[in-house]
Amino acid sequence: MTGTSLKSVLESLLFVADAPLTLDRLCSILEEYERQDIRAAVEALLSEYRQAERGIYLAEVAGGWQFRSRPENADYLRRLSRSRTFRFSHSSLETLAIIAYRQPITRAEVEYLRGVDSGGVLKTLLEKKLLRILGKKDIPGRPLIYGTSREFLETFNLKDLASLPSLREVQELTARDLLEQQEELPLPGLDGVE
């Protein structure tokens, strides 16, 4: 690899990879380089892309790194693809949230928390590869145990499950959204309105 810098090689690998590349995976591909050199080159790329005004950035997701397009360019990218993006139904988001925060969890436990049958939603989320089956619970009936997948982390741009917002943060966002949605309603008897 004469004349090729490690950063250049890493940039190419990260560009063509269809999933985030972990440090271990990069080390197995780049056997001729030391682990600390690879890590330093990745850090340098992260810094360069963070500072530059480019249409892409290097994101740390799902335990690895992956190039992503800037969210503010999403409208232009939709024009290019002309395909509908996957929209999450309320029940899908609710089920995903329950599983993300309570995993490992069985279908019965999800249904108990939601109060409705969740078989169809679980099937759809498994097909979209946002969930995975972790095994079977050691109780009568041996129900399947569900957890989130690597694709879940990629889809929601999360480094790991610890990056999920806390319950307090979710409540603050919800309260702020409710305040923004409220409108002033005229009261009868004021300003000549009856």
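None of these values were measured; they are calculated from a predicted model.
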**Student:** Might you point out which heavy atoms bring Ile145 and Lys136 nearest each other, and give the distance in Å?
**Tutor:**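 Reported closest heavy-atom pair: CD1-C, 3.6 Å.
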**Student:** Run the side-chain contact (heavy atoms from CB on, under 4.5 Å) check on Leu6 and Leu30 step by step: do they pass?
**Tutor:** CA-CA 9 Å; Leu6 176 55; Leu30 304 169; 3.9 Å; yes
**Student:** Begin with the C-alpha distance, continue with both residues' side-chain angles, and end with the deciding distance and a verdict on side-chain contact (heavy atoms from CB on, under 4.5 Å) for Leu134 and Leu144.
**Tutor:** CA-CA 7 Å; Leu134 302 176; Leu144 296 174; over 6 Å; no
**Student:** With respect to Leu130, which candidate in Ile99, Leu125, Leu153, Thr148 satisfies the side chain to side chain contact (heavy atoms under 4.5 Å, CB included) definition?
**Tutor:**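 Per the side chain to side chain contact (heavy atoms under 4.5 Å, CB included) rule, the option paired with Leu130 is Leu125, out of Ile99, Leu125, Leu153, Thr148.
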**Student:** Give the cluster check for Leu13 versus Val61: same hydrophobic cluster or not, with ILVMFWY residues linked at side-chain heavy-atom distances below 4.5 Å.
**Tutor:**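 Different clusters: Leu13 never reaches Val61 through Ile, Leu, Val, Met, Phe, Trp or Tyr contacts under 4.5 Å.
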**Student:** If you measure from CG on Leu158 to CD on Glu60, what distance do you get to the nearest 0.5 Å?
**Tutor:**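 Nearest 0.5 Å value for the CG-CD distance: 12.0 Å.
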**Student:** Donor-acceptor check, side chain of Arg102 to backbone of Ala97, threshold 3.5 angstrom: yes or no?
**Tutor:**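 Flag not set: sc Arg102 to bb Ala97 has no pair under 3.5 Å.
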**Student:** Would you indicate whether the side-chain heavy atoms of Tyr76 and Ser69 approach each other to under 4.5 Å?
**Tutor:**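 Not in contact.
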**Student:** Starting from the C-alpha separation in whole Å, work towards a yes-or-no answer on side-chain contact (heavy atoms from CB on, under 4.5 Å) for Leu10 and Leu21.
**Tutor:** CA-CA 10 Å; Leu10 283 171; Leu21 295 176; over 6 Å; no
**Student:** If you count the non-hydrogen atoms of other residues, nucleotides and ligands that lie under 6.0 Å from CD in Glu34, is the total more than 12?
**Tutor:**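 Check fails, neighbour count at 12 or below.
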**Student:** Side-chain contact, heavy-atom cut-off 4.5 Å: Ser149 with Glu154?
**Tutor:**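 No; the side chains remain at least 4.5 Å from each other.
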**Student:** To the nearest 0.5 Å, what is the distance between CZ on Phe152 and CZ on Arg132?
**Tutor:**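 Reported value, rounded in 0.5 Å steps: 12.0 Å.
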**Student:** Salt bridge between Asp138 and Arg142, side-chain N to carboxylate O under 4.0 Å?
**Tutor:**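 Here Asp138 pairs with Arg142 in a salt bridge, since their nearest N and O are under 4.0 Å apart.
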**Student:** Applying side-chain hydrogen bond (donor to acceptor under 3.5 Å, both in side chains), can you list everything that pairs with Lys129, at least two apart in sequence or on another chain?
**Tutor:**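 Partners of Lys129 under the side-chain hydrogen bond (donor to acceptor under 3.5 Å, both in side chains) test: none.
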**Student:** Assess the residue pair Trp65 and Leu23 against the criterion (side-chain contact (heavy atoms from CB on, under 4.5 Å)); give the C-alpha distance rounded to whole Å, side-chain angles, the decisive distance to 0.1 Å, and a yes or no.
**Tutor:** CA-CA 8 Å; Trp65 297 277; Leu23 183 58; 4.0 Å; yes
**Student:** Nearest 0.5 Å please: distance from the CZ atom of Arg70 over to the CD atom of Glu53.
**Tutor:**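 Going from the CZ atom of Arg70 to the CD atom of Glu53 covers 8.5 Å.
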**Student:** Under 4.5 Å between side-chain heavy atoms, hopping through other hydrophobics if needed: is there a path connecting Val9 to Leu14?
**Tutor:**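 Yes, because Val9 and Leu14 connect within a single hydrophobic cluster, where side-chain heavy atoms sit under 4.5 Å apart.
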**Student:** Please answer whether the main-chain N or O of Arg114 pairs with a side-chain N or O of Ser118 as donor and acceptor at a distance below 3.5 Å.
**Tutor:**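 Here the side-chain-to-backbone pair does not exist.
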**Student:** Treat each ILVMFWY residue as a node, draw an edge where side-chain heavy atoms are under 4.5 Å apart, and state whether Tyr57 and Phe15 are in one component.
**Tutor:**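 Per the 4.5 Å side-chain linkage, Tyr57 and Phe15 are not co-clustered.
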**Student:** Looking at CG of Asn73 and CZ of Arg68, how far apart are the two atoms once the value is rounded to the nearest 0.5 Å?
**Tutor:**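 One gets 14.5 Å once the value is rounded to the nearest 0.5 Å.
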**Student:** Does one side chain, of Ser92 or Thr95, offer a donor that lies under 3.5 Å from an acceptor on the other?
**Tutor:**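 Short answer, no.
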**Student:** Nearest heavy-atom pair of Gln66 and Pro20: which atoms, and what distance?
**Tutor:**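 Closest approach of Gln66 to Pro20, heavy atoms only: OE1-CG, 3.8 Å.
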**Student:** Mind checking whether Ile105 and Leu93 sit in one hydrophobic cluster, side chains of I, L, V, M, F, W, Y counted as touching below 4.5 Å?
**Tutor:**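 As far as the 4.5 Å side-chain criterion goes, Leu93 and Ile105 are connected within one cluster.
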**Student:** For residues Thr155 and Lys128, determine if any side-chain heavy atom of one lies less than 4.5 Å from a side-chain heavy atom of the other.
**Tutor:**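 No. Closest side-chain heavy atoms not under 4.5 Å.
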**Student:** Any salt bridge linking Lys7 with Asp37? Criterion: basic side-chain nitrogen under 4.0 Å from a carboxylate oxygen.
**Tutor:**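 Between Asp37 and Lys7 there is no salt bridge, as every charged N stays at least 4.0 Å from the carboxylate O atoms.
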**Student:** Quick one, Leu26 and Arg35 - any side-chain contact, counting heavy atoms below 4.5 Å?
**Tutor:**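 When only atoms from C-beta onward are counted, Arg35 and Leu26 do not touch, as no gap falls below 4.5 Å.
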**Student:** Within 45 degrees of the axis of the six-membered ring of Tyr49 and under 6.0 Å from its centre: does Arg54 put its NZ or CZ there?
**Tutor:**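 Output yes; distance and angle both within limits.
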**Student:** Got a sec, which residues hit side-chain hydrogen bond (donor to acceptor under 3.5 Å, both in side chains) with Thr106, two or more places apart in sequence or on another chain?
**Tutor:**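 Testing Thr106 for side-chain hydrogen bond (donor to acceptor under 3.5 Å, both in side chains), a comparison that skips the adjacent residues, returns Glu109.
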**Student:** Would you kindly confirm whether Leu164 and Leu113 end up in one hydrophobic cluster when ILVMFWY residues are joined by side chain heavy atoms under 4.5 Å apart?
**Tutor:**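 Linked, Leu164 and Leu113 end up in one cluster.
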**Student:** Report, as yes or no, whether the 6.0 Å neighbourhood of atom CZ on Arg25 holds more than 12 heavy atoms from other residues, nucleotides or ligands.
**Tutor:**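 Open.
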**Student:** Using every non-hydrogen atom in the two residues, find where Ala59 and Asn157 come nearest and quote the distance to one decimal.
**Tutor:**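 Closest approach of Ala59 to Asn157, heavy atoms only: CB-OD1, 4.1 Å.
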**Student:** Give a yes or no on whether the backbone of Ser163 and the side-chain of Asp160 come within a donor-acceptor separation of less than 3.5 Å.
**Tutor:**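 A pair under 3.5 Å: yes.
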